Amino acid sequence: MTLLKTNMSKRPFGAILTILVCAGFGSFLILLGFKQDARAWQVYLVNVLFWSALAQGALLFSMIMHVTKARWSGALQNLSEAFAAFFPVSFVLFVLLYAGRSHLFPWLGQDLHGKEVWLNVPFLMTRDLVGLLLLYGLGTAYVFHAFRCKTWSRAGAGRVRAALDRFLAQPADPSACRGRMTTLAVLYMLTYAVVLSLISVDWIMSMDPHFISTLFGGYFFIKAFYIGMGGVIILASILYLAYGEETRLNDSHFHDIGKLFFAFCVVWAYFLYAQVMVIWYGNIPEETHYLIERFKYQSWKLAFIFVFVVSFMVPFFTLLNQRAKVKPAVMLVLCSLALTGIWVENLVMVGPPLRFDTGALPLRIFDVLISLGFLGLAAGAVATLLKLFPELFLNYGEKTN
């Protein structure tokens, strides 16, 4: 096991992630310096929504497995809990959105026909941040109790781990600890649905202030769970390809979560279809404007087609093959494509109302670099937690209570 720990520390992940974060931060500053403030904040918003939703949905996977007493998930449940490490970063990133408010709310200064009570920046920021604080608090508390049941003191693991071991003292009654996990999981699920619906309305649907959809919130939190599972599969695939049989992962894990990912690929596509179809046959000007804004230019049409192909058609037809589900390399590529498509879908929802290069290719090199910077932040947070608690995915043995 000492060799495994040494290998973990020697891998250049830390340096690569640091370069990504610096490149993203530098690109953001360059756009601000060249008076491209609107573009910088719009790309920032797309990434905050995407990476926060991924972390929120990934942790939800663990809670669903716990509440349903699913035994097949094994180490996958541990890996999904590692995404909670991004919660503090996500909260800070959301707070910073206030600095770009003049570029992110196209309804500022408009006649909102009585919606001013709801659509005003102080109230919007307050309710969203309070909701996120509650959601992240419940998620962190759940992970705290989960780690108390799953981790144990390891001599020679470093000062930070030693301090965490003292904080995560083994519970006197493990069954009571698991009971608290169940309560926190149920509360998180309810808060997850409410808070993600609220964020979708405030930060996406409100960009067209006269557009109303009762399906929008449900679509957003289903999509978050879909990409959250994709994030868990990507992490599991990378770890399995890097450490092989030394991990606590096997073919059954990939096969089972592959089936669940396939199912929610279909659920996400159904919600997308239901949203578009209702707008199409309703043919109400306040609603059709939402689609017209996104389909009147060829660049946005192609972006939407790309989303549908890589986030639905490719996963759907690939995962019909049973053997594809048990190949980590295939699942890594497949889920990376699906998540890239959902990122572009976020851009399609946010870009047109913010006049994000409406008639041209919607992406530039600085947009990509900023997005890679967010990838570095999210991956760095998760990798740091896994480095502190390698027993979550490596065969250090099982904790006995």
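None of the values given here were measured: they were computed from a predicted structure.
Asp202 is not listed as a side-chain neighbour of Met125, based on a closest heavy-atom distance of 4.5 Å or more. With a 4.5 Å cut-off on side-chain heavy atoms, Phe220 and Ser197 do not count as touching. Using a 4.5 Å heavy-atom cutoff, the side chains of Val350 and Leu104 are not in contact. Looking at Ile233 and Leu334, their side chains never come closer than 4.5 Å, going by heavy atoms from C-beta outward. Side chains of Trp41 and Leu32 form a contact here, defined as non-hydrogen atoms less than 4.5 Å apart. For the pair Pro209 and Leu119, the minimum side-chain heavy-atom distance is below 4.5 Å.
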Run the side chain to side chain contact (heavy atoms under 4.5 Å, CB included) test on Phe50 and Phe374 for me, step by step, so that the C-alpha distance in whole Å, both residues' side-chain angles and the decisive distance to 0.1 Å come before the verdict. CA-CA 10 Å; Phe50 176 83; Phe374 276 84; over 6 Å; no
What do the steps show when you test Tyr188 against Tyr142 for ring pair (Phe, Tyr, Trp, His ring centres under 6.0 Å), and what is the final call? CA-CA 9 Å; Tyr188 180 92; Tyr142 171 86; 7.7 Å; no
Stepwise, does the side chain to side chain contact (heavy atoms under 4.5 Å, CB included) test hold for Leu375 with Trp51? CA-CA 8 Å; Leu375 168 63; Trp51 293 105; 3.5 Å; yes
Val382/Leu235 under side chain to side chain contact (heavy atoms under 4.5 Å, CB included): CA gap, chis, key distance, verdict: CA-CA 9 Å; Val382 173; Leu235 178 59; 3.8 Å; yes
So Ile227 and Trp343, side chain to side chain contact (heavy atoms under 4.5 Å, CB included) or not? Walk me through it. CA-CA 10 Å; Ile227 64 175; Trp343 186 94; over 6 Å; no
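Put simply, CG on Leu369 and CD1 on Ile30 are 8.5 Å apart, with the number rounded to the nearest 0.5 Å. A distance of 10.0 Å separates OG1 of Thr318 from NZ of Lys325, quoted to the nearest 0.5 Å. Annotation: the span from His253 atom NE2 to Asn250 atom CG amounts to 4.5 Å, rounded to 0.5 Å. Between Asp367 atom CG and Arg39 atom CZ the span is 4.0 Å, to the nearest 0.5 Å. One distance of note links CD1 of Ile257 with CG of Leu76; it measures 4.5 Å at 0.5 Å rounding. Interatomic distance, CG of Asn120 versus OG1 of Thr126, reported as 8.5 Å (0.5 Å rounding).
In this structure, Phe105 and Trp203 have tilted ring planes: the angle between them lies in the 30° to 60° band. Phe312 and Phe308 have tilted rings, their planes meeting at an angle from 30° to 60° on a 0 to 90° scale. Ring geometry for Phe393 versus Tyr243: interplanar angle of 30 to 60°, hence tilted.
None of Asp251, Leu241, Ile238 except one satisfies the side-chain contact (heavy atoms from CB on, under 4.5 Å) rule with Pro328; the exception is Leu241. Checking each of His145, Glu81, Glu391 against Lys150 for a side-chain hydrogen bond (donor to acceptor under 3.5 Å, both in side chains) leaves exactly one that passes, namely Glu81. Among Asn47, Val46, Leu45, the single residue meeting the side-chain contact (heavy atoms from CB on, under 4.5 Å) criterion with Val43 is Asn47. The side-chain contact (heavy atoms from CB on, under 4.5 Å) with Phe83 is formed by just one residue from the set Val232, Leu385, Leu59; it is Val232.
Remark: side-chain polar atoms of Lys223 are not paired, donor with acceptor, to backbone N or O of Trp268 under 3.5 angstrom. A side-chain donor-acceptor contact under 3.5 Å links Ser80 to the backbone of Gln77. In terms of modelled atom types and a separation under 3.5 Å, the side chain of Ser62 and the main chain of Ala58 share no donor-acceptor contact. Of the possible polar contacts, one joining the Arg127 side chain to the Trp118 backbone as a donor-acceptor pair under 3.5 Å is found.
Under the ring-ring contact (aromatic ring centres under 6.0 Å, His included) criterion, Phe34 pairs with no residue at all, not counting sequence neighbours.
Within 6.0 Å of CZ in Phe25 there are 12 or fewer heavy atoms belonging to other residues, nucleotides or ligands.
Residue Cys177 comes nearest to Arg148 through the heavy atom pair SG-CB, 4.3 Å, listed as atom of the first residue, atom of the second, then distance. For the pair Ala75 and Leu392, the tightest heavy-atom approach, listed with the atom from each and the gap, is CB-O, 4.0 Å. Contact between Ala185 and Val67 at its shortest, heavy atoms only, is CB-CG2, 3.6 Å. Scanning all heavy atoms of the two residues, the minimum distance from Ile370 to Ser27 falls at CG1-CB, 3.8 Å. In terms of heavy-atom proximity, Thr247 sits nearest to Gly244 at OG1-O, 2.9 Å. The two residues Ser311 and Ala338 have their closest heavy-atom pair at OG-O, 2.9 Å.
Residues Phe254 and Tyr240 place their aromatic rings such that the two centres sit under 6.0 Å apart. If you look at Phe225 and Phe264, their ring centroids are closer than 6.0 Å. Residues Phe306 and Trp300 place their aromatic rings such that the two centres sit no closer than 6.0 Å.
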Donor-acceptor list for residues 87-103 side chains, cut-off 3.5 Å, not counting sequence neighbours:
{"unit_1": "Ser90", "atom_1": "OG", "unit_2": "Ser52", "atom_2": "OG", "d": "2.6"}
{"unit_1": "Ser90", "atom_1": "OG", "unit_2": "Tyr136", "atom_2": "OH", "d": "2.6"}
{"unit_1": "Arg101", "atom_1": "NH1", "unit_2": "Tyr98", "atom_2": "O", "d": "2.8"}

Review item, side-chain donor-acceptor pairs of residues 269-282, under 3.5 Å, at least two apart:
{"unit_1": "Gln275", "atom_1": "OE1", "unit_2": "Ser213", "atom_2": "OG", "d": "2.7"}
{"unit_1": "Gln275", "atom_1": "NE2", "unit_2": "Ser213", "atom_2": "OG", "d": "3.0"}

